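Structure first, then comments.
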Amino acid sequence: MPQAFYVLFGAAFTVAVSVALGRLILRHAGAPLDRMEEPAVAFVTGSACLSAIVFALAAVRVVYKGVFLAVGVAILLAAWRRRLHRRIGAPAVPLPRFWRVLCWLVFAVFGSLCFLHAMAPEMSPDGSAYHLGLVSRYYREHGFRIITTNMYANLSQGVELLFLFAYAFGRHSSAALVHFAFLAALPVAMMGYARRFGFPVAGAAGALLVFASPVVGIDGSSAYNDVAVSAILFVLYYLLQIWDRSRLPGLLVPIGLLAGFAYAAKYTAFLAVPYALGFVGWKLIRGRQRWFGPLVRVALLAGLMMAPWMTKNWIALRNPVSPFFNQTFPNPFVHVSFEQEYGQHMRNYPGLKSRWEIPLEVTTRGNVLCGLLGPVFLLSPVALLALRFPHGRRLLLAGLFFGITYLANIGTRFLIPPLPYLALAMALSLSNARGMTGLLVLVHAISAWPPVLSRYCDQYAWRLDRYFMRQALRLETEDGFLQRRWPPYAVARMIEKHVAPGGKVLTYNQTGEAYTSREVLVVYQAASNGVLGEILWMPLIAEYPPTRRLEFRFPAQELRKVRAVQTAAGAPDHWSIAEFRVFDGGRELPREAGWRLTAQPNPWEVQLAFDNSPVTRWKCWHPLQAGMFVEVDFGAPARVDRVALDSSRDQYKTRLRLEGADASGAWRTLATDPVETELARPLGLRRATALELKFRGASYLLVHESDFGAEDYRARSEEWGFTELGESWGFRLYRID
Amino acid sequence: MRSSLLPTLALCLAICACTSIPNIYAPPVQRKPFEIHDTGPVRHFLAMNDPAAAAHLVADVSQTLEAGSWRWTGQRPTFRFRLPAGKKLRFVMDFTIAEMTFQKTGPVTITFLVNGRQLDRVRYDSHGEKHFEKPVDPDWIRGGEENRATAELDKIWVAPDDGAKLGLILTRVGFLD
């Protein structure tokens with residue numbers, strides 16, 4: 001029970017501080033909010049400020065519970081002195097009796113389900129892996145450190161910093177409860193908006209459609225951020241509508257902050273900035289009012305919220321929007337090919353046979369696209385009928401605009417940001433058909449109730465399926481519950497038990513990083529991890545080892561530099577070189593310390609082609625482009641008559657020529673048609689791989705039984721030099737000796 | 001003046017704080033050959049187009065490289081390899097039974113020998129590309145020394161005009177782990 005208290009305290013304290021900050025801003029802005037809508041709008045607005053404060057504390061690395069407590073108490077005291085705890089504004093106009101009862105019923109039933117799930121030990125896939133994995137790391141390390149081995153650390157993490165504030169007091173479940181607070185704020189804001197603009201019943205219906213949606217419930221009660229993003233966007237939309245009606249200049253402050261905070265919460269919500277600027281600009285220009293000043297104000301405030309994240313990435317990673325746009329901002333931390341493959345993967349989830357399956361998948365099945373909205377959303381085309389209302393048009397335009405990024409990731413939860421607008425528009429379109437709105441909500445609520453839901457959705461659909469009362473109250477221990485229920489937790493504890501402090505674990509799969517203090521290197525999460533993954537596969541894939549030699553012969557001559565130039569284009573192959581060897585009269589030139597090596601693209605890994613290791617290779621990590629090169633500068637003219645490139649066979653489309661530069665620096669072609677010979681596959685690749693991994697800092701390996709090579713690691717562990725340390729839920733942990 | 005100084009200073013500090021990532025590098029630490037130090041020309045595996053092939057050929061293999069990748073064998077091609085001690089190795093041979101010779105000889109039985117010991121005896125009932133692979137008892141291997149491998153054919157084709165004896169079309173042979 002004391003643990004349950006800390007869990008609640010952490011979340012409640014975070015929410016209270018956010019509300020206080022939000023009230024400070026909104027009341028200063030003169031926002032004309034009523035008593036019902038103010039807490040929700042203040043919470044979301046204030047969370048932007050609290051997130052920025054936590055960013056500053058993390059940047060100067062003073063993330064301590066005591067510091068958070070002092071900052072939070074100071075904010076609450078300041079709010080108290082300004083009497084911000086007193087509720088102002090007019091009381092909300094009550095809903096019709098039927099709708100009041102329906103709202104209380106649905107909010108009580110689904111709200112308690114979500115609340116208890118959020119309060120129970122955190123066991124969401126991404127939440128226990130990187131959302132809270134990074135939060136726990138920031139807390140352990142008292143703030144930000146440069147992390148180049150986990151691309152999720154490069155994403156904006158505005159909501160995760162709120163999690164961090166709560167985590168300091170109540171750990172993982174406190175963080176999930178903060179997300180639940182956004183889940184609670186969203187329908188309140190929706191209802192407030194609709195009531196303010198004259199369609200309260202449709203507002204209540206829309207809010208219930210969103211709140212009872214299965215994917216919204218599970219997401220909003222886990223340490224994710226999609227529901228928070230949706231709430232941020234909706235409150236922004238809401239404040240813009242109030243500003244449109246009142247033209248209070250002070251409202252542009254929370255509008256600008258929220259637009260920027262949307263980006264700070266999730267990259268895909270960057271659309272909030274053009275939306276806010278476009279809305280304000282359009283209204284002012286159309287009204288023949290001065291527009292430049294207000295737009296600059298909104299842009300500056302949005303920039304204020306966005307800049308810390310961009311600056312952090314620029315300083316640490318040379319890419320302000322890492323892990324994306326790596327061709328525009330070349331850097332050693334994320335491979336271009338990974339970005340392309342990742343984007344492709346997000347646009348085409350495995351298991352989805354056709355785009356035509358998406359409507360049924362996101363509404364009714366819920367497995368392939370990870371969650372379902374509920375079958376009533378199959379009726380979403382009726383939302384178009386709302387076009388006959390001014391606010392219907394606004395809602396649909398906003399929903400369409402914020403939904404554009406769904407094309408980049410077709411997972412169901414990426415429909416949560418545009419969902420409030422769709423739900424309100426659906427309810428609004430049916431508002432004139434007596435009883436239809438209520439029927440729609442009732443059908444939705446019943447169909448979303450877990451026992452009913454289980455009857456039609458896929459058995460593996462991501463959803464809430466039961467009440468976790470005992471677990472939420474910690475009547476069952478967190479460890480006992482998670483050990484039997486959540487494999488990533490058990491694996492994380494195995495890592496914690498066997499891996500020495502400071503040890504790094506290489507793995508193909510993300511796991512419960514939030515529950516271990518050891519660093520986990522997931523192969524796909526960073527360029528350097530990808531190189532380790534390639535090394536690990538070298539002995540297992542017949543085409544990977546350097547069994548092909550391409551030899552360029554030419555008349556002996558004095559050269560200052562030589563470079564191999566790739567001339568083919570347009571093929572998906574990746575050019576690679578295991579060893580770049582230079583000869584003079586049959587003698588290989590030793591690699592002198594004065595040599596200078598470079599490559600284009602990916603100069604940062606060029607040393608892999610000059611390390612004499614059969615298990616490493618320089619790779620362009622990019623589809624073939626003419627003009628790619630690997631170059632060596634001898635530092636002084638050297639006599640050369642042959643260059644041999646030892647390479648793998650998985651690059652059928654590459655075409656090469658050799659160029660040389662004499663002391664004058666002028667490049668000329670030395671040879672165009674290399675002679676190909678076959679090299680013996682080196683012996684001892686497994687052991688060489690293990691030693692190379694260890695040399696590069698990976699001292700442990702975590703493998704699932706379904707991973708490629710798992711059987712080889714197990715059966716030939718002696719050859720590799722792996723010692724098995726433990727096994728849990730099909731995962732084996734090896735020490736690399 | 002002071003108001004413009006602070007942002008400028010902050011910008012300079014931010015730029016100075018940027019991680020400096022070079023694009024040009026010196027050669028790294030050189031890894032040592034792992035299994036056999038100073039292997040010389042004789043190694044554990046041989047592709048027929050290897051420039052060092054001659055050092056591995058003991059008997060009954062053509063000195064002529066055909067089409068840049070294969071050689072004819074006679075009836076008892078024999079090779080030498082240098083192998084590490086105590087390793088679990090597989091003897092591997094990639095070859096083709098030519099349609100032309102198969103039409104005359106019919107099914108061919110090949111006996112594979114490692115250091116004079118019979119590793120296997122396989123009957124090939126068709127022409128075409130073949131791959132032979134079998135683990136070798138580590139005790140048969142002479143670590144760090146010369147090891148001999150032989151493929152003994154029960155019959156070969158003899159050219160009626162010039163008496164040329166043709167066995168297999170050999171692409172690669174040797175030991176892998």
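Labels below follow one simple rule: chain letters A, B, ... track the order of the sequence lines, proteins then strands, and each chain is numbered from 1. When reading the values below, keep in mind they use all heavy atoms of this one structure, side chains included, and skip hydrogens, waters and symmetry mates. This one's a predicted model, so the numbers in the text were calculated from it and none came from an experiment.
- Ranking B:A52, B:P27, B:G68, B:A47 against chain A, the residue ahead of the rest is B:P27, based on heavy-atom pairs under 4.5 Å.
- Cation-pi geometry between A:R563 and A:F629 is met: the NZ or CZ atom falls under 6.0 Å from the ring centre, inside 45° of the normal.
- Figure legend: cation-pi geometry between A:K312 and A:F144, with NZ or CZ positioned under 6.0 Å from the six-membered ring centre and within 45° of its axis.
- Heavy-atom distances place the side chain of A:R716, and not its backbone, under 4.5 Å from chain B.
- Using a 4.5 Å heavy-atom cutoff, the side chains of A:T148 and A:L317 are in contact.
- Residue contact with chain B, scored on non-hydrogen atoms closer than 4.5 Å, involves the side chain of A:E692 exclusively.
- Looking at A:E592, only its backbone comes within 4.5 Å of chain B, counting heavy atoms on both sides.
- Interatomic distance, B:L83 CG to B:I141 CD1, rounded to the nearest 0.5 Å: 5.0 Å.
- Side-chain atoms of B:R71 and B:T64 include no donor-acceptor pair closer than 3.5 Å.
- Ranked by non-hydrogen atom pairs under 4.5 Å with chain B, the options A:D633, A:L597, A:T677 are led by A:L597.
- For chain B, no part of A:P539 is nearby; none of its heavy atoms comes within less than 4.5 Å.
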